[in-house]
Amino acid sequence: MRVVISGASSGIGEALVRLYASSGHTLGLISRRKVQAAGDCVSYPVDVTDPQALAGVADDFIRRFGVPDLVIANAGISIGTSAEALEDVEKLRQVLAVNVVGMAATLAAFAPAMRKSGRGTLAGIASVAGFRGLAGASAYSASKSAAITWLESLRAELYGSGVSVVCVCPGYIDTPMTRVNRYRMPFLISAEEGARKIAGAIAAKRRLVVIPWQMAAVSVLLRLVPGWLYDRVASRAPRKPTDLPI
């Protein structure tokens, strides 16, 4: 199988690389820095916010190996933000650029060739944080909500083409992104376990999946809580640090 993964140098992406490489798949690895991985793979040190660079990645990968069977848009960043702070609007711009535009550009770079071939899967890594606005994580929540909606639109556009679109919404996974959190993270799982569950959901071509299952139950409850109650509870929740670099 031919697999392309963005955000391949750390966290969930790195765990996915190890998982797919261990099964002997051909890998295209997109990240800001060059990635060394075992097996049949090529590293593309490009920024996912650069559509032209991603178009070049797609052309090169397809020329070398053929149309991918799977593209996983995993690259993402997170930072604590305050929605009432004007100075945090720039953080919002950066988070949206990577988490939404970068995801969209990664998938769009390969989508035409996959549609033409009539097969394959496009997968995006969103988050449970995209189901409701989290205090102190306004930029991240907004970006993941947009990612969920974008993937739904893409799935509708590709309906009947033979190309599947999968949206994965993880809860807390033990990665450098979550280790900076100064609060207890419920249902935390390792990056390796997260990668296995993500790969399983993608193989099953789930349209929208939340992992682990405990967070799936929490996400249902989150969407059912009325606004007046959610505001009261969410206002007291612990918040992500705002003093860290993106």
Side-chain angles (χ1 to χ4, degrees), residues 1-8 11-30 39 41 61 65-76 99 103-104 106-111 113-131 144-175 187-223:
M1 186 165 73
R2 296 176 291 270
V3 184
V4 176
I5 303 170
S6 72
I12 295 173
E14 184 179 16
L16 286 168
V17 170
R18 290 196 298 269
L19 180 66
Y20 285 109
S22 68
S23 298
H25 299 304
T26 298
L27 304 180
L29 310 179
I30 301 172
C41 70
F61 185 88
F65 308 110
V67 177
D69 302 287
L70 169 62
V71 179
I72 305 176
N74 164 75
N99 295 3
M103 180 200 71
T106 300
L107 300 179
F110 293 91
M114 293 172 74
R115 177 192 277 276
K116 185 176 181 179
S117 70
R119 59 176 180 79
T121 300
L122 298 169
I125 307 301
S127 171
V128 172
F131 294 134
K144 294 305 184 179
S145 178
I148 292 168
T149 304
W150 183 276
L151 289 165
E152 186 172 45
S153 295
L154 180 61
R155 186 168 61 249
E157 291 173 3
L158 289 173
Y159 181 80
S161 69
V163 180
S164 301
V165 177
V166 175
C167 177
V168 182
C169 296
Y172 290 112
I173 296 182
D174 183 16
T175 66
F187 314 120
L188 179 71
I189 61 175
S190 69
E192 289 70 27
E193 183 179 358
R196 288 193 299 271
K197 291 182 180 297
I198 289 169
I202 290 171
K205 298 184 178 180
R206 301 275 299 274
R207 290 178 176 83
L208 174 68
V209 61
V210 178
I211 60 171
W213 69 265
Q214 295 95 330
M215 287 305 295
V218 170
S219 71
V220 171
L221 293 175
L222 278 174
R223 284 175 280 184

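Being a predicted model, the structure only gives us computed values, none of them experimental.
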Reported OG1-to-CG distance for the pair Thr26 and Asp69, which is rounded to 0.5 angstrom:
9.0 Å
Locate the shortest heavy-atom distance separating Asn99 from Ala75; write the atom from each residue and the value.
OD1-O, 4.3 Å
Distance (rounded to the nearest 0.5 Å) between Leu107 CG and Ser6 OG:
8.0 Å
Would you name the heavy atoms of Val168 and Pro170 that are closest together and state the gap between them?
O-CD, 3.3 Å
Has Gln214 got more than 12 heavy atoms of other residues, nucleotides or ligands less than 6.0 Å from its CD?
yes
Any Ile12 side-chain heavy atom under 4.5 Å of Ile198 side chain
yes
With a 4.5 Å cut-off on side-chain heavy atoms, are Val71 and Met114 touching?
yes
Among Val220, Val210, Leu188, which residue satisfies the side-chain contact (heavy atoms from CB on, under 4.5 Å) criterion with Met215?
Val210
Pairwise distance CD1(Ile173) to CD1(Ile189) - rounded to 0.5 angstrom
4.5 Å
Here the pair of heavy atoms bringing Tyr20 nearest to Val3 is CD2-CG2, 4.2 Å
Can you name the nearest heavy-atom pair linking Ala123 to Leu70, along with the distance?
CB-CD1, 4.4 Å
Can you tell me how far the CD1 atom of Ile72 sits from the OG1 atom of Thr121, to the nearest 0.5 Å?
9.5 Å
Selection residues 192-210 - residue pairs positive for salt bridge (charged side-chain N to carboxylate O under 4.0 Å, His left out), sequence neighbours left out:
Arg18-Glu192, Glu193-Lys197
Would you say that Arg119 contacts Val67 through its side chain, given a criterion of any heavy-atom pair below 4.5 Å between the two side chains?
yes
Can you see which heavy atom on Ala126 is nearest to which on Ile148, and at what distance?
CB-CG1, 3.6 Å
For residues 158-173, which residue pairs pass the salt bridge (charged side-chain N to carboxylate O under 4.0 Å, His left out) check, not counting sequence neighbours?
none
Roughly how far, to the nearest 0.5 Å, is the CG atom of Leu151 from the CE atom of Met103?
4.0 Å
Compare every heavy atom of Leu208 with every heavy atom of Cys169, then report the nearest pair and how far apart it is.
SG-CD1, 3.7 Å
Side chains of Leu158 and Leu122 in contact at under 4.5 Å (non-hydrogen atoms):
yes
